[in-house]
2 protein chains.
Amino acid sequence: MTPAPGIEPNSTTGPTPGAKHPSADTTPAQLEQALAAAAAAAPAPAFGSSEPSVRAGWIRAVADALDAAKDELVPIAMRESALPEARLTGEVARSTGQLRMFADALEEGALLEVTIDTADAQAKPVPRPDLRRVLVPLGPVLVFAASNFPFAFSVCGGDTASALAAGCPVIVKAHPGHPELSVRTAAVMIDALKQAGAPDGTFGLISGFDVGVTALKDPRITAAGFTGSVPAGKALHEIAVTRPEPIPFYGELGSLNPVFVTQAAIDARGKDIATGYVGSFTLGVGQFCTKPGLLFVPSGHGLQDQLVEAVGGVAQAPMLNDRIKSGFTSGLDRLRKVDGVRVWSTAGDGASLLQTTVPELLARRDEILEECFGPVSIVVEYNDRDELVQAVEAFDGNLTATLHAEDADADLARELLPLLTARAGRVLWNGWPTGVAVSWAQHHGGPFPSTVGSIHTSVGVTAARRFQRPVAYQDTPDAVLPDVLKDSNPAGITRRVNGTVTTAEVTR
Amino acid sequence: MTPAPGIEPNSTTGPTPGAKHPSADTTPAQLEQALAAAAAAAPAPAFGSSEPSVRAGWIRAVADALDAAKDELVPIAMRESALPEARLTGEVARSTGQLRMFADALEEGALLEVTIDTADAQAKPVPRPDLRRVLVPLGPVLVFAASNFPFAFSVCGGDTASALAAGCPVIVKAHPGHPELSVRTAAVMIDALKQAGAPDGTFGLISGFDVGVTALKDPRITAAGFTGSVPAGKALHEIAVTRPEPIPFYGELGSLNPVFVTQAAIDARGKDIATGYVGSFTLGVGQFCTKPGLLFVPSGHGLQDQLVEAVGGVAQAPMLNDRIKSGFTSGLDRLRKVDGVRVWSTAGDGASLLQTTVPELLARRDEILEECFGPVSIVVEYNDRDELVQAVEAFDGNLTATLHAEDADADLARELLPLLTARAGRVLWNGWPTGVAVSWAQHHGGPFPSTVGSIHTSVGVTAARRFQRPVAYQDTPDAVLPDVLKDSNPAGITRRVNGTVTTAEVTR
């Protein structure tokens with residue numbers, strides 16, 4: 001296994017698990033070691049060119065090891081993130097389920113997108129050669145871990161899982177919010193990969209802001225994933241795309257996740273909507289990228305008392321760390337002072353509910369539509385259908401947009417859904433945006449500024465595509481082709497042959 | 001149809017077809033008109049949200065109109081590009097065949113990538129909602145046309161076809177090398193779209209370098225495609241990705257397309273290889289992005305006389321324009337003066353063959369591996385297998401890499417193919433890289449610097465993916481979903497349902 005610079009528990013240069021802050025910055029020598037190991041793991045016959053079923057086995061080994069280490073890891077995560085046990089235990093299951101989903105997709109063939117066109121001497125205007133396309137790994141991938149999901153968007157999160165599935169070695173830049181957890185998670189993963197036979201350098205961990213920037217500029221890094229703030233994401237994006245050799249940078253930045261409620265929905269389910277809304281925007285102390293930041297309801301909804309009561313009933317809970325707490329406090333303070341914004345409920349600096357109207361929002365759009373990370377949300381009242389449409393149109397890109405409506409609203413829904421589609425990556429009906437299912441059809445991404453790179457997702461099977469490029473082999477003999485491209489389709493994967501999706505072998 | 005700023009044949013402000021230089025720069029007012037029309041065509045219920053079969057009909061109408069206009073367009077192209085009639089006629093067929101391929105893929109469902117996961121209340125760790133993913137258009141796309149393929153990589157080329165197929169309105173920045181052809185092609189396309197019922201603004205043409213840059217910076221432009229030189233591509237890329245709202249920029253820049261020949265291949269087919277090589281690097285006066293710039297052969301190949309004779313037999317032909325001719329002349333002059341490079345054959349400033357050896361190439365790598373656009377190529381002799389491998393490893397990213405080998409070379413091929421795969425988007429066996437088949441499995445792209453954005457292709461069905469982003473609909477009733485996501489699958493498209501590819505309807 002890789003020398004694992006800076007993360008070996010017993011390393012003399014690395015951090016010491018159990019210390020309060022084990023994340024001393026990775027040294028330049030350690031970073032060089034990590035990059036060299038990752039680069040060495042990339043070319044054949046190492047990680048990148050491994051057979052899909054072999055790679056799937058390595059990924060399942062990581063999942064199994066993380067599940068087995070849950071009882072050790074979750075308490076560390078609780079101490080470092082202040083999140084509760086049940087949530088963190090579920091997050092481990094989500095992360096390991098995600099790894100297994102990618103392993104399954106690798107074996108099914110979906111991650112390879114094998115496409116075969118057999119030769120056609122009669123093709124017009126010119127004869128067509130035999131062409132066989134497959135996705136291959138880009139090379140070492142740098143992942144900037146997030147703080148708010150210590151498992152699912154951190155060391156063993158979706159960026160890591162999808163890059164490993166793509167066949168890319170991964171270097172994770174640890175988030176300083178959970179340093180010991182990062183070190184221990186990495187150690188578990190590295191050990192599992194080693195035991196499973198994956199090459200050295202398949203996975204590494206680094207620490208330190210400047211170290212991350214240095215790695216991002218290194219020519220051996222071929223792509224980067226990021227989850228975090230808009231300013232940090234924009235700055236790192238600019239570094240990635242203006243390098244001498246530009247690389248793709250996939251950044252999930254910020255999102256307001258507006259929810260729009262029709263009169264019919266209020267009439268039918270007003271109280272459930274009020275309860276569900278408060279539950280969603282205060283879930284995990286409001287520290288979700290999919291937290292609903294605004295709820296648009298018709299004037300005269302009559303739900304103020306119930307909303308205020310629900311917010312008052314939310315148990316106080318610590319935030320992830322002092323920096324986030326301080327950002328929330330100042331953001332809330334800023335929002336409260338915006339003209340036209342009223343405070344409906346606030347528990348000191350805890351869960352807070354604000355209120356405004358669509359005309360007031362439109363008058364101070366930029367002030368009101370600035371994300372405040374934490375348990376605050378704004379009820380926005382609209383007077384009529386025109387104001388509702390204007391409200392939808394006030395938004396830039398978001399990860400999600402939600403509509404609460406009834407069957408009788410079908411015409412309105414058909415008008416609003418295209419507008420919501422233009423502004424969000426996931427459109428929900430009568431649900432709440434927090435909670436992102438990991439599945440084939442999931443999309444977690446959205447137009448700028450919610451992500452840089454709206455054509456890609458960070459959750460779901462196609463997340464691997466961010467770290468792959470196609471290669472087409474022309475007229476290449478079966479004997480030297482990768483197994484997945486051979487006529488006989490030995491692994492029985494799904495392929496598109498002459499335009500038709502099939503698992504059959506190719507006859508030529 | 002769009003006001004077609006600057007391109008309406010009878011417009012008082014636009015260019016006059018038949019004039020020698022009809023491409024007066026688009027004025028700011030005309031550009032604003034084009035952008036506004038494209039933006040208006042993007043949202044529902046206009047081009048972007050049209051049903052796939054309707055959109056396919058519009059695209060086929062464009063193909064039919066271009067085929068019908070061939071006798072008018074080809075002579076203009078001959079005059080403006082100096083390319084011969086047969087080549088240009090074939091290029092029209094290639095372009096219209098490409099449009100029809102995208103229309104077919106739209107109707108098959110491949111371009112939509114519909115993925116449906118039905119709800120699963122028993123899913124662990126949490127119940128799973130119903131999720132339905134589909135690719136939607138980004139919005140107006142700006143295409144920078146190339147000079148060397150007046151049809152296939154210009155106004156009606158692959159970028160335009162794939163963006164229209166994706167559902168994006170397109171604005172083409174005309175290449176100044178064939179201004180009248182650009183105007184006439186656009187007029188044919190616009191008329192066909194109008195007749196077929198496509199919304200105004202679906203297609204527009206602009207002219208002028210600064211105008212193109214202004215358009216690239218406009219917030220209504222959501223993505224850009226480019227084919228051209230490395231410096232121009234890098235400059236435009238930087239503008240696109242550092243805008244306040246960064247957009248994807250897909251640039252095809254430059255490529256050397258090396259060809260590696262084994263001793264066994266020389267023994268078996270030396271003379272055919274010599275003839276094929278000269279034919280390929282002089283095809284179209286060497287003005288192909290896939291021109292083989294270097295041929296690696298074992299020392300003692302004994303083909304010098306035949307190669308020189310073949311080059312001497314190449315008919316002189318004019319290049320595309322004076323700027324390209326001048327670039328070729330100075331590039332050839334530069335290459336001839338590099339230490340260790342010898343001239344084997346040159347017809348004044350016409351087709352030229354140079355020679356060097358692997359050690360000399362490695363000693364002056366950057367000088368020798370600088371692309372010279374035009375009919376020149378370098379024979380590079382290697383002494384042994386080590387030198388052959390070193391030669392392969394000397395290359396950065398390329399569109400293509402080619403191996404000429406025999407069955408007896410299988411072991412060598414298995415060593416070289418991964419190295420070639422790491423450096424090229426298309427790997428050919430016993431063929432020549434010029435000529436890019438348009439098909440499902442084609443990939444035209446490659447690692448930097450051959451393209452910016454190596455994970456994408458500009459030729460083949462997946463080219464449309466560059467201009468689409470996914471949207472997932474969660475728990476949305478069938479009645480308000482787009483038809484392609486409905487349970488009943490009314491159009492019978494291919495979809496992935498709960499992990500399995502099928503055209504069947506969904507039961508839930």
Side-chain angles (χ1 to χ4, degrees), chain A residues 43-44 49 90 93-94 97 108 115-117 124-126 128-129 131-133 136 237-238 241-242 245-246 248 410 413-414 417-418 421-422 425-431 435 437 439-443 448 452 454-455 457 462 468-477 479-480 494 496 499 501, chain B residues 43-44 49 90 93-94 97 108 115-117 124-126 128-129 131-133 136 237-238 241-242 245-246 248 410 413-414 417-418 421-422 425-431 435 437 439-443 448 452 454-455 457 462 468-477 479-480 494 496 499 501:
Chain A
S49 65
R94 176 205 161 100
E108 194 271 348
T115 311
I116 297 174
D117 296 327
K124 299 293 173 195
V126 286
R128 192 179 71 191
L131 283 168
R132 300 183 180 222
R133 174 187 185 270
V136 301
H237 170 254
E238 187 147 331
V241 297
T242 60
E245 178 172 354
R414 288 194 194 92
L417 285 177
T421 299
R426 181 163 54 110
V427 176
L428 296 90
W429 181 276
N430 292 358
S439 76
W440 287 88
Q442 186 56 283
H443 179 61
F448 190 84
V452 184
S454 71
I455 71 172
T457 183
T462 50
Q468 299 174 293
R469 65 181 176 85
V471 171
Y473 294 90
Q474 181 168 326
D475 288 335
T476 307
V480 296
T494 301
R496 189 181 284 274
V501 179
Chain B
S49 65
R94 176 205 161 100
E108 194 272 349
T115 311
I116 296 174
D117 297 326
K124 300 292 174 196
V126 287
R128 193 179 71 190
L131 284 167
R132 301 184 180 222
R133 174 187 186 270
V136 301
H237 170 255
E238 187 147 331
V241 296
T242 60
E245 177 172 354
R414 287 194 195 93
L417 284 178
T421 299
R426 181 162 53 109
V427 176
L428 297 90
W429 181 276
N430 292 358
S439 76
W440 286 88
Q442 186 57 282
H443 179 61
F448 190 85
V452 183
S454 70
I455 72 173
T457 183
T462 51
Q468 298 173 293
R469 65 182 175 86
V471 172
Y473 293 90
Q474 181 167 326
D475 288 335
T476 307
V480 297
T494 300
R496 190 181 283 272
V501 179

Original post:
Listed by chain and number, what are the side chain to side chain contact (heavy atoms under 4.5 Å, CB included) partners of B:Pro129, not counting sequence neighbours?
Top reply: A:Ala437, B:Leu131, B:Gln474, B:Asp475
Original post:
Looking at A:Arg132, A:Arg128, A:Arg94, A:Glu108, which has the largest count of heavy-atom pairs under 4.5 Å with chain B?
Top reply: A:Glu108
Original post:
Taking every heavy-atom pair that is under 4.5 Å apart, which of B:Ala93, B:Ser454, B:Ala413 has the most such pairs with chain A?
Top reply: B:Ser454
Original post:
Do you know which of B:Ala410, B:Gly90, B:Gly431, B:Gly425 has the most heavy-atom pairs with chain A at a distance under 4.5 angstrom?
Top reply: B:Gly425
Original post:
Side chain, backbone, both or neither: which part of B:Gln442 has a non-hydrogen atom closer than 4.5 Å to chain A?
Top reply: both
**OP:** Could you tell me which residues satisfy side chain to side chain contact (heavy atoms under 4.5 Å, CB included) with A:Thr476, sequence neighbours excluded, listed by chain and number?
**Re:** A:Tyr473, A:Val480, A:Leu481, B:Leu417, B:Trp429
**OP:** Considering non-hydrogen atoms only, spot the tightest contact between B:Trp440 and A:Arg496 and give its length.
**Re:** CE3-CD, 3.2 Å
**OP:** Sort out for me which of B:Pro477, B:Ala479, B:Gly97, B:Gly435 touches chain A most, counting heavy-atom pairs under 4.5 Å.
**Re:** B:Pro477
**OP:** Side-chain contact test, heavy atoms from C-beta onward, threshold under 4.5 Å: evaluate it for A:Thr242 versus B:Glu238 and give yes or no.
**Re:** yes
Original post:
What residue in A:Val427, A:Val501, A:Thr457, A:Thr462 has the most heavy-atom pairs under 4.5 Å with chain B?
Top reply: A:Val427
Subject >> chain A contact via B:Leu428 - side chain, backbone, both or neither, heavy atoms under 4.5 Å >> reply: both
**OP:** Please report the closest heavy-atom contact between B:Ser439 and A:Asp117, naming both atoms and the distance.
**Re:** OG-OD2, 2.5 Å
